[in-house]
2 protein chains.
Amino acid sequence: MATKKDRLDRIIQSLRKKGYRLSPQRLAILKILAQSREHPSVAQIRAMIKADFSTTSPATVYKNVSLLKSMGEVLELGFGNKSSRYDGYNPHPHPHVICNGCGRIVDPEYKAMARLSREISRKTGFRITSHRLDFFGLCSECQNKKKQIEK
Amino acid sequence: MATKKDRLDRIIQSLRKKGYRLSPQRLAILKILAQSREHPSVAQIRAMIKADFSTTSPATVYKNVSLLKSMGEVLELGFGNKSSRYDGYNPHPHPHVICNGCGRIVDPEYKAMARLSREISRKTGFRITSHRLDFFGLCSECQNKKKQIEK
DNA sequence: TTTTCTGCAAATGCTTTGCATGGGA
DNA sequence: TCCCATGCAAAGCATTTGCAGAAAA
């Protein structure tokens with residue numbers, strides 16, 4: 001599947017065009033964000049590159065994530081207390097389903113948000129520019145684990 | 001309209017039943033949360049009671065909000081960076097429309113979330129227990145202010 | 001060589017916790 | 001009187017910022 005590589009290349013071109021450099025650390029972070037569907041946190045990104053770059057600081061990861069966010073190449077999913085998760089695979093607003101057990105985040109199929117957004121705009125008078133739709137619950141694995149414990 | 005008072009009384013009864021006390025500060029915080037539709041932050045609540053209780057600490061407001069949250073009487077709207085906003089008027093999940101200009105939060109009418117939630121559950125295998133739907137944009141007043149500036 | 005990037009440490013901002021004092025019931 | 005609640009101060013955490021040295025281009 002060429003899509004993932006295309007996405008990575010696109011971001012790399014965009015960085016080059018704007019005069020940013022491609023350090024090995026930046027490239028590693030970039031690959032994770034552009035190619036994984038895991039919606040990783042900064043700590044998770046840091047853990048994933050630890051084998052190759054053991055001294056990479058949280059600050060470096062934060063700075064790179066912020067840069068990509070400001071370029072519109074990464075979507076931040078902030079939560080009240082827990083740390084933010086990042087989506088560089090699909091950086092445009094879309095629904096997320098979040099497991100309260102294991103913390104995994106998946107993308108369900110759902111296409112009707114644009115229509116709903118227009119409806120809300122009409123009802124409230126707001127000019128709506130973005131949205132956020134999250135569902136919280138237990139994934140099937142965590143449901144099973146819970147059943148095991150209850151036995 | 002008796003609804004607002006009813007809601008306040010209901011919470012007061014619930015607190016009494018559980019052995020919690022009704023300090024004047026707690027009552028003031030409670031009134032704001034149960035009766036206003038402003039979705040205030042802790043800082044805003046503190047500002048609103050300042051005239052009557054000038055020495056009330058943030059900790060006290062946080063403790064009261066947390067207590068009401070744990071009783072299911074207040075809904076917390078957490079954001080990534082900004083401070084949380086609280087809804088004690090309608091503590092059950094419902095859509096919010098948030099102005100990026102002035103920070104106001106309003107409740108649009110929308111009833112179809114239960115159906116959507118079931119659809120997502122079927123598609124993903126999650127057992128969904130809660131959700132969050134936010135729209136971001138500019139309220140009509142902030143749209144007008146923006147136009148004034150652009151002239 | 002120039003300028004950006006990294007990574008340490010310090011700073012920030014919201015929220016929570018600990019604890020002595022105050023005050024409902 | 002008995003505990004719970006308040007409010008100060010300190011601690012916690014995620015994130016941001018400052019800066020000197022490292023390293024892309």
Side-chain angles (χ1 to χ4, degrees), chain A residues 11-33 39-71 74-86 103, chain B residues 11-33 39-50 52-71 73-86 103:
Chain A
I11 300 177
I12 290 173
Q13 294 314 319
S14 182
L15 282 167
R16 283 229 171 84
K17 192 176 297 175
K18 291 184 169 125
Y20 296 112
R21 295 176 185 173
L22 271 172
S23 72
Q25 294 93 330
R26 174 165 291 167
L27 188 60
I29 293 165
L30 200 49
K31 278 183 181 169
I32 289 167
L33 284 166
H39 309 81
S41 66
V42 162
Q44 288 168 334
I45 293 170
R46 197 153 164 258
M48 286 189 256
I49 63 176
K50 197 175 181 184
D52 293 325
F53 305 95
S54 60
T55 62
T56 297
S57 67
T60 295
V61 183
Y62 275 108
K63 282 167 188 168
N64 276 289
V65 163
S66 294
L67 174 62
L68 294 166
K69 222 187 351 171
S70 72
M71 293 168 60
V74 158
L75 179 70
E76 177 172 11
L77 300 177
F79 299 92
N81 32 11
K82 303 181 197 65
S83 36
S84 286
R85 305 282 290 265
Y86 299 89
Chain B
I11 300 176
I12 289 173
Q13 294 314 319
S14 182
L15 283 166
R16 284 228 171 84
K17 191 177 299 176
K18 292 184 169 124
Y20 295 112
R21 295 174 186 174
L22 271 172
S23 72
Q25 295 92 330
R26 172 165 291 167
L27 188 60
I29 294 165
L30 201 47
K31 278 183 181 169
I32 289 168
L33 283 167
H39 309 80
S41 66
V42 161
Q44 288 168 334
I45 293 170
R46 196 152 164 260
M48 285 188 256
I49 64 176
K50 197 175 182 183
D52 294 325
F53 305 95
S54 60
T55 62
T56 298
S57 66
T60 294
V61 183
Y62 275 109
K63 282 168 187 166
N64 276 289
V65 163
S66 293
L67 174 63
L68 294 166
K69 219 185 358 169
S70 73
M71 293 167 62
E73 301 291 1
V74 159
L75 179 70
E76 178 173 10
L77 299 178
F79 297 92
N81 30 11
K82 304 180 194 68
S83 35
S84 286
R85 305 280 292 264
Y86 299 89

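Chain letters run A, B, ... following the sequence lines, proteins first, then strands; residues in each count from 1.
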Atom-to-atom span, [atom1] of [X] to [atom2] of [N] - whole angstrom:
| X | N | atom1 | atom2 | answer |
| --- | --- | --- | --- | --- |
| B/K18 | C/dA25 | NZ | P | 17 Å |
| B/R26 | C/dA25 | CZ | P | 10 Å |
| A/K82 | C/dT16 | NZ | C1' | 16 Å |
| A/F79 | C/dT15 | CZ | P | 17 Å |
| B/L67 | D/dC4 | CG | P | 12 Å |
| A/Y86 | D/dA14 | OH | P | 12 Å |
| B/L68 | C/dT15 | CG | C1' | 17 Å |

- Item | Any side-chain heavy-atom pair of A/I12 and A/L27 under 4.5 Å |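 SC-SC contact between A/I12 and A/L27 confirmed.
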- Does the side chain of B/Q44 reach to within under 4.5 Å of the side chain of B/I32, using non-hydrogen atoms?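 Sidechains of B/I32 and B/Q44: no contact.
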How far does [atom1] of [X] sit from [atom2] of [Y], to the nearest 0.5 angstrom?
| X | Y | atom1 | atom2 | answer |
| --- | --- | --- | --- | --- |
| A/M48 | A/T56 | CE | OG1 | 13.0 Å |
| A/S14 | A/L68 | OG | CG | 9.0 Å |
| A/S23 | A/L30 | OG | CG | 9.5 Å |
| B/R16 | B/L22 | CZ | CG | 5.0 Å |

- Message: Regarding A/K63, tell me which of base, sugar-phosphate or nothing describes its non-hydrogen contacts under 4.0 Å with the strands shown.
- Response: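 Since a base atom lies under 4.0 Å of A/K63, the category is base.
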- Pick base, sugar-phosphate or nothing for A/T55, based on heavy-atom distances below 4.0 Å to the nucleic acid.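 Counting heavy atoms under 4.0 Å across all strands, the contact made by A/T55 is with sugar-phosphate only.
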- Message: Run the side-chain hydrogen bond (donor to acceptor under 3.5 Å, both in side chains) test against A/K69 and tell me which residues pass, sequence neighbours left out.
- Response: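 Listed in chain order: A/E76.
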- Query: Counting only non-hydrogen atoms, which of residues 42-51 of chain A are less than 4.0 Å from DNA chain C?
  - Reply: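 The stretch gives none, as no residue of it lies under 4.0 Å from the strand.
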- State which of C/dT17, C/dC8, D/dT15 makes the closest approach to the side chain of B/A59.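 Of the candidates, C/dT17 comes closest.
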- Between B/L33 and B/E73, is a side-chain contact (heavy atoms from CB on, under 4.5 Å) present by the stated rule, with each step listed? CA-CA 9 Å; B/L33 283 167; B/E73 301 291 1; over 6 Å; no
OP1 or OP2 of [N] under 4.0 Å from side-chain N/O of [X]:
| X | N | value |
| --- | --- | --- |
| B/S84 | C/dT15 | yes |
| B/S57 | D/dC8 | no |
| A/N64 | C/dT6 | yes |

- Determine, for nucleotides 20-25 of chain D in 5'-to-3' order, which nucleotides have protein heavy atoms under 4.0 Å from the base (write B), from only the sugar-phosphate (write S), or from neither (write -). ---BBS
- Could you tell me whether the side chain of A/R21 and the main chain of A/R26 form a donor-acceptor pair under 3.5 Å?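 No.
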- Task: List the steps and the verdict of side-chain contact (heavy atoms from CB on, under 4.5 Å) for A/I45 and A/N64.
- Result: CA-CA 11 Å; A/I45 293 170; A/N64 276 289; over 6 Å; no
- Message: Quick check on DNA chain C: between A/T56 and B/S66, whose nearest nucleotide comes earlier from the 5' end?
- Response: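 This one resolves to A/T56.
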- Which residue lies more 5' along DNA chain D, comparing B/F53 with B/G19 via nearest heavy atoms: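 This one resolves to B/G19.
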